[in-house]
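Since the structure comes first, as structure tokens, the remarks are kept for the end.
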Amino acid sequence: MVTLSIITVCLNAGKSIQQTAASISHQTDNDFEWIVVDGGSTDGTVEFLQGIAGIDHFISEKDDGIYDAMNKGIGLSRSLYCLFLNAGDSLYDENVIENVKKELKADLVIGSLHTCFPEDPGKNYIKRFDTQDIREKYLYYRSLPHPSTCIKRDLFEKFGLFDTSYKIVGDHDFFVRVLLKGASKVFAPFCISTFIMDGISTRLKQSDQFKLEMQRMRSKNFSSFYRMRRTVIDRIF
């Protein structure tokens, strides 16, 4: 059994998947498996992936959205932890796997996230999460970064997979669900991944669907008393 499964989901990823693949192939420690779940690409992504080395499990078929694809990746994994590194994202440097293995002491291992703006590199920054008070209030509004969070695989067996009824906030729902039920967490003192801000994420978070999914996620995971309390406090402050 390997220590870590890197799970990549993609659909018509074009050149962006190449960056992801390069960052994985350059790792100094190979105690991991790479699983790629493609949603039935027609732009040459499949041909590229079939032509490179290093992929341990690869499927290409239609799915019911990103969280369905991520769940398929979990089903293929044979490791202690999973890391979801989707097309376009990349491991921060060649030492990530080597460094991560030293920190795998909890259900969730959370590293920093390098947020990258291709059209305006001056806005690039590294976001640390060990400075955040990740309790109920934090989780009500914000999620953990799935590209920089190693998830112990047995959490999916204990608490269930990603909820595929969500199209945008399924990872947020999962982190809320497991942390409010007692999952442990530690913070890795280094950056795990680079996340590309290509405009799609921003547009999704401004969409009506995102707002509706956040409302549903909160109703599902937080009591009516807590939701009312947050509304009152937020109005005052």
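Hydrogens, waters and symmetry mates are skipped; everything else that's a heavy atom, side chains included, is used.
- Here the side chains of I17 and T8 are in contact, with some heavy-atom distance below 4.5 Å.
- The CG atom of D120 sits 12.0 Å away from the CE atom of M197 when rounded to the nearest 0.5 Å.
- The OG1 atom of T231 sits 8.5 Å away from the CZ atom of R218 when rounded to the nearest 0.5 Å.
- Counting only distance, with no hydrogens or angles, the side chain of S184 and the backbone of D107 share a donor-acceptor pair below 3.5 Å.
- When the ring pair (Phe, Tyr, Trp, His ring centres under 6.0 Å) test is applied to F129, no partner is found at least two apart in sequence or on another chain.
- Residues Y166 and I66 fall within the same hydrophobic cluster, defined by Ile, Leu, Val, Met, Phe, Trp and Tyr side chains chained together at heavy-atom separations under 4.5 Å.
- For the pair T149 (side chain) and I110 (backbone), a donor-acceptor distance under 3.5 Å is absent.
- Within the 4.5 Å cutoff, the side chain of Y67 has heavy atoms near those of the D171 side chain.
- A heavy-atom distance below 4.5 Å is not found between the side chains of L104 and L4.
- Note that the CD atom of Q132 and the OH atom of Y138 stand 5.0 Å from one another [nearest 0.5 Å].
- A 4.5 Å side-chain heavy-atom check between I196 and P118 finds at least one atom pair inside the cut-off.
- Annotation for V96 and Q27: closest pair N-OE1, 3.2 Å, computed over non-hydrogen atoms.
- Looking at S77 and R153, their side chains do bring a donor and an acceptor atom within 3.5 Å of each other.
- Judged purely by atom type and a 3.5 angstrom limit, N86 uses its side chain to pair as donor or acceptor with the backbone of V9.
- Between P147 and S193 the shortest heavy-atom distance is O-OG, 2.8 Å.
- The backbone N or O of M217 lies less than 3.5 Å from a partner atom in the side chain of N221, making a donor-acceptor pair.
- In this structure, I35 is not a member of the same hydrophobic cluster as F58, with clusters built from ILVMFWY side-chain heavy atoms closer than 4.5 Å.
- In this model, a donor atom of one side chain and an acceptor atom of the other lie less than 3.5 Å apart for D31 and T3.
- For D63 and K72, the salt-bridge test fails: no basic side-chain N is under 4.0 Å from an acidic carboxylate O.
- Ring centroids of F174 and F156 are separated by less than 6.0 Å, placing the two rings close together.
- Proximity of C10 to V36: side-chain heavy atoms (C-beta onward) are separated by under 4.5 Å at one or more points.
- The two residues T164 and N71 make their nearest non-hydrogen contact at CG2-ND2, 3.5 Å.
- Side chain of D29 to main chain of I97: no donor-acceptor pair is present (N/O by atom type, distance under 3.5 Å, no hydrogens or angles).
- Remark: K167 does not engage D68 in a salt bridge, criterion side-chain N to carboxylate O under 4.0 Å.
- A donor-acceptor contact shorter than 3.5 Å is absent between the side chain of R230 and the backbone of Y140.
- If you take SG on C150 and CD1 on I6, they are separated by 8.5 Å, rounding to the nearest 0.5 Å.
- In this structure, the side chains of L108 and L179 come closer than 4.5 Å at one or more pairs of heavy atoms.
- Both F159 and I151 are members of a single hydrophobic cluster when ILVMFWY side chains are connected at heavy-atom separations under 4.5 Å.
- Side-chain atoms of H172 come within 3.5 Å of backbone atoms of R142 as a donor-acceptor pair (strictly under, hydrogens ignored).
- When every heavy atom of L180 is checked against every heavy atom of F222, the shortest pair comes out as CD1-CE2, 3.9 Å.
- In the hydrophobic clustering of ILVMFWY residues, with side-chain heavy atoms under 4.5 Å counting as a link, L144 and Y81 come out apart.
- L85 and I74 fall into different hydrophobic clusters, where Ile, Leu, Val, Met, Phe, Trp and Tyr are joined by side-chain heavy atoms under 4.5 Å apart, directly or via other members.
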Side-chain donor-acceptor pairs of residues 46-56 under 3.5 Å, sequence neighbours excluded:
from : atom 1 : to  : atom 2 : distance (Å)
D56  : OD2    : W34 : N      : 2.8

Show, in sequence, the C-alpha distance, side-chain angles and deciding distance for L80 and M1, and conclude whether the side chain to side chain contact (heavy atoms under 4.5 Å, CB included) test is met. CA-CA 8 Å; L80 297 175; M1 177 183 289; 3.4 Å; yes

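- Judged purely by atom type and a 3.5 angstrom limit, S148 uses its side chain to pair as donor or acceptor with the backbone of S112.
- In this structure, H114 contributes its side chain and L91 its backbone to no donor-acceptor pair below 3.5 Å.
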Would you check, one step at a time, whether the test salt bridge (charged side-chain N to carboxylate O under 4.0 Å, His left out) holds for D173 with K220? CA-CA 9 Å; D173 169 75; K220 172 185 172 185; 3.2 Å; yes

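- Side chain of N12 to main chain of T42: a donor-acceptor pair is present (N/O by atom type, distance under 3.5 Å, no hydrogens or angles).
- For CD of E119, the number of neighbouring non-hydrogen atoms (other residues, nucleotides, ligands) closer than 6.0 Å is 12 at most.
- The closest side-chain heavy-atom distance from I192 to L113 is not below 4.5 Å.
- When each of Q209, R216, Q215 is tested with E213 by the rule side chain to side chain donor-acceptor pair (under 3.5 Å), just one qualifies, namely Q209.
- The CZ atom of R177 sits 10.0 Å away from atom CG of L155, with the distance rounded to the nearest 0.5 Å.
- Atom CZ of F190 sits about 5.0 Å away from atom CD of E103, to the nearest 0.5 Å.
- Between F32 and L83, every side-chain heavy-atom pair lies at or beyond the 4.5 Å cut-off.
- Contact detail for Q19 and S90: the closest heavy-atom pair is NE2-OG, 3.8 Å.
- Considering every non-hydrogen atom in both S143 and F175, the closest pair reads OG-CD1, 3.5 Å.
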